[in-house]
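Written out below as structure tokens is the structure these notes cover.
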Amino acid sequence: PVIASFCRRLDISGVIDDLVPIRDVATVSTGQAIEAMICNRLTSPAPLVHTGDWARDWAVPEVLGIPALALNDDKPGRSLDAIAPHLEEITGAVAVRAIGAFGIDISQLHWDMTSFSLHGAYPEADEDYPAPSYGHPKDRRTDLLQIQAGIAAAGDGGIPVYARAYSGGAAEISQVTGAMNALKKIAGAKKFLLAGDSKLISYDNVAAISKARCTFLAPASKNYVSPAELAACDLGKATEAGYVAGRDQHKKNTAQLGRWYVLDDDQPFWIRNSKRKSDPAIRLRRVFVHSTARAAAAAASRTRKLTRAADDLGRLVSGLGGRFYPSEQKVADRIKQISLARKAGPYLRYTIGTAPAPAGGPGSSTSQGSDQAAGTPEATGPHPADTWQGTGSGRPGKPALTWWSGQAAIDAEAATDGWYALLTNLAPDVTAKEVLLRYKAQEAVERRYGNLKGPLAVAPMFLNSNRRIAALITVISLALLVFCLIEREARRNLAPQTRLDGLYNRQPARPTGRLILTALAGLQLIPATATSPAQITRPNPVQARLLELLGVDPTHPP
């Protein structure tokens with residue numbers, strides 16, 4: 001009942017039925033079928049062939065007025081085919097209604113993309129829709145085809161106002177301009193800040209955003225800010241931003257809190273077109289940020305990599321001259337494997353030689369191999385101050401190995417720990433602190449991808465055409481919109497309190513979409529009989545409070 005109420009407030013069925021004509025003899029319109037699929041995703045995600053069984057168990061006939069038999073295994077598939085040519089129109093119209101009906105502030109929008117793995121071959125993909133292909137999947141299932149999706153979420157509650165499917169091999173950096181243009185249609189005359197990750201920054205994207213008179217904010221990649229520039233930043237000149245991460249808000253010991261510092265770059269920064277030299281350079285603003293939490297994490301990660309590499313090298317030393325490492329080449333190959341697996345290449349230095357014969361005996365001269373560095377060569381060998389080093393050799397005439405840390409490389413990287421740069425075209429009157437705070441809302445879109453792959457169970461997907469894949473991603477995006485609106489409404493109406501008593505394991509908890517729907521899933525409906533109408537049993541106190549916060553009375557459906 002709650003999900004259906006929000007679908008009606010967004011008029012999802014009406015928007016779809018206006019775009020997709022239906023036959024007069026149809027029992028269920030396409031819009032009604034899509035609303036049922038949204039309810040399915042938010043209550044008990046299941047393969048499309050089981051939608052009919054779900055409809056009977058979840059009182060769909062009583063709540064939505066749709067016969068369970070009408071949602072057979074063919075109806076959802078045909079509904080996806082029907083809406084496929086109108087996906088942009090549907091998402092745009094529903095987003096506009098959501099902004100108006102719920103008063104969503106879209107002055108700040110956060111853009112990002114993710115991938116979903118697919119099971120199947122899809123040999124004849126429809127060229128009019130995103131094509132499954134191999135790429136760089138987030139779940140690292142490189143053996144599977146993937147499809148991608150992009151989401152733009154409002155800073156106000158992380159509401160996803162725009163979503164679209166993309167081909168599996170589409171470059172993320174090339175989709176920014178199209179997403180921005182679509183968002184401008186949704187926003188109308190309203191101006192907005194578009195925030196994203198480092199893939200948002202390119203000359204073409206910056207030029208297009210500036211031409212559209214929008215503002216943007218994103219972290220700079222190494223292509224635009226070198227490690228030397230980060231290392232040159234002076235923390236003593238930076239200003240504390242006063243930001244507290246969500247993970248630290250429960251900590252009472254202030255010494256354990258992560259701290260952020262900002263430093264406005266006093267040098268002009270220009271971005272230039274590497275392909276067309278005649279294009280004018282664009283001046284941007286650069287803000288350097290230092291995070292103590294990020295610095296500590298970087299140092300811990302480096303120590304962990306060095307420790308694991310040292311363990312591997314110790315085992316290699318113990319096996320020198322043996323069955324697996326009988327030659328210098330075998331030893332060199334193993335060191336390269338260790339450097340790659342442990343990501344210790346920038347720090348690892350080593351020499352490989354031949355163990356000398358006993359003193360005074362034949363072949364007593366030593367032969368040391370030339371220095372071979374995984375990073376910058378250092379011909380001087382290990383320094384006594386190096387704490388990360390080791391040496392070993394096999395029998396005379398067998399390989400000998402000496403390895404140590406490239407301390408200069410470690411020190412150079414440590415100087416950049418915790419530092420990164422933000423690029424933006426925001427006006428100078430927006431302080432560096434405000435720039436950081438606006439960027440920190442980027443986690444909203446990341447959280448929504450977690451909802452997509454968690455409660456909404458997008459992956460794995462089993463569909464017979466890329467046309468239906470694109471349509472299903474749109475349906476799931478609409479479900480995500482409803483999911484987020486439910487969470488936002490509950491929190492807004494609960495304010496100034498932040499927690500609801502008894503919501504999680506009978507303990508107070510902050511309302512989330514997942515907790516709200518889990519609590520309401522216990523509502524029961526007694527089907528109608530020949531002598532009595534259908535009845536909903538009395539909700540428990542937590543359910544009653546949630547229904548009050550959401551403004552829904554399940555006993556009196558609209």
Side-chain angles (χ1 to χ4, degrees), residues 3-22 26 28-42 64 66 76 78-107 109-111 128-130 149-166 175 177-192 194 212 214 445 448 452 456 467-486 488-489 558:
I3 300 166
S5 173
F6 277 75
C7 286
R8 291 189 180 100
R9 291 179 68 178
L10 296 172
D11 194 25
I12 294 176
S13 178
V15 168
I16 294 174
D17 288 340
D18 286 343
L19 294 169
V20 181
I22 60 171
V28 177
S29 71
T30 303
Q32 290 177 305
I34 297 302
E35 282 193 356
M37 293 172 67
I38 291 172
C39 292
N40 168 256
R41 281 284 150 179
L42 291 175
L64 298 182
I66 300 174
R78 285 189 286 110
S79 298
L80 293 177
D81 285 333
I83 68 170
H86 309 284
L87 301 181
E88 288 278 352
E89 298 167 276
I90 292 170
T91 55
V94 174
V96 170
R97 290 192 63 87
I99 293 168
F102 293 90
I104 301 170
D105 179 9
I106 58 169
S107 60
L109 298 171
H110 298 267
W111 165 257
D128 293 331
Y129 299 93
I151 288 180
D156 178 10
I159 306 299
V161 296
Y162 176 77
R164 183 181 174 183
Y166 296 93
Q175 316 309 322
T177 302
M180 181 203 64
N181 291 331
L183 289 170
K184 280 185 65 66
K185 292 181 181 178
I186 294 172
K190 298 177 182 177
K191 302 296 182 181
F192 59 85
L194 182 61
C214 293
V445 68
R448 295 317 177 193
L452 270 180
L456 275 65
R467 175 190 178 103
R468 290 187 177 182
I469 290 173
L472 181 59
I473 287 179
T474 298
V475 171
I476 296 174
S477 299
L478 294 174
L480 179 64
L481 173 61
V482 173
F483 180 89
C484 298
L485 287 173
I486 290 173
R488 178 177 179 269
E489 285 298 286

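With rounding to the nearest 0.5 Å, the separation of CD1 in Ile159 from CG in Asp105 is 11.5 Å. Ile473 CD1 to Arg164 CZ: the interatomic distance, rounded to the nearest 0.5 Å, is 11.5 Å. Rounding to the nearest 0.5 angstrom, the gap separating the CD1 atom in Ile16 from the CD1 atom in Ile22 is 12.0 Å.
Applying the ring pair (Phe, Tyr, Trp, His ring centres under 6.0 Å) definition to pairs two or more places apart or across chains, those involving residues 83-106 are Phe6-Phe102. For residues 93-104, there are no salt bridge (Lys or Arg N to Asp or Glu O under 4.0 Å) pairs, not counting sequence neighbours.
Residues satisfying the salt bridge (charged side-chain N to carboxylate O under 4.0 Å, His left out) criterion with Asp81, sequence neighbours excluded, are Arg467, Arg468. Listed by chain and number, the residues in a side-chain contact (heavy atoms from CB on, under 4.5 Å) with Lys190 are Ile99, Ile106, Ala187 (sequence neighbours excluded). Taking Gln32 as the reference, Ser13, Val28, Ser29, Ile66 meet the side-chain contact (heavy atoms from CB on, under 4.5 Å) condition, with sequence neighbours excluded. When the salt bridge (charged side-chain N to carboxylate O under 4.0 Å, His left out) test is applied to Glu89, no partner is found at least two apart in sequence or on another chain. With sequence neighbours left out, Ala93 forms a side-chain contact (heavy atoms from CB on, under 4.5 Å) with Val15. In this view, Arg78 and Asp74 satisfy the side chain to side chain donor-acceptor pair (under 3.5 Å) rule, not counting sequence neighbours. Scored by the side chain to side chain donor-acceptor pair (under 3.5 Å) test, Arg488 finds Asp156 as partners (sequence neighbours excluded). Not counting sequence neighbours, the partners of Cys39 by the side-chain contact (heavy atoms from CB on, under 4.5 Å) test are Ile3, Trp54, Leu64.
The shortest distance between side-chain heavy atoms of Ser477 and Pro160 does not fall below 4.5 Å. Using a 4.5 Å cut-off on side-chain heavy atoms (C-beta onward), Arg41 and Leu478 make no contact.
Between Ala470 and Tyr129, the shortest heavy-atom distance links the atoms CB-CD2, 4.4 Å. Closest heavy-atom contact between Cys7 and Ile38: SG-CG2, 4.1 Å. Between Met180 and Phe192, the shortest heavy-atom distance links the atoms O-CZ, 4.1 Å. Here the closest heavy-atom approach between residue Tyr162 and residue Ala182 is recorded as CE1-CB, 3.4 Å. Arg9 and Ala101 make their closest contact through NH2-O, 4.1 Å (heavy atoms, listed as atom of the first residue, atom of the second, distance). Among all heavy-atom pairs drawn from Ala165 and Pro130, the shortest one is O-CG, 3.4 Å.
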**Message:** The test is side-chain contact (heavy atoms from CB on, under 4.5 Å); show your working for Ile104 and Leu485 and say whether it passes.
**Reply:** CA-CA 10 Å; Ile104 301 170; Leu485 287 173; 3.9 Å; yes
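Arg448 contributes no side-chain N or O that, together with a main-chain N or O of Leu480, makes up a donor-acceptor pair within less than 3.5 Å.
Between Leu80 and the choices Thr30, Thr474, Val475, Ile469, the side-chain contact (heavy atoms from CB on, under 4.5 Å) rule is met once, by Val475.
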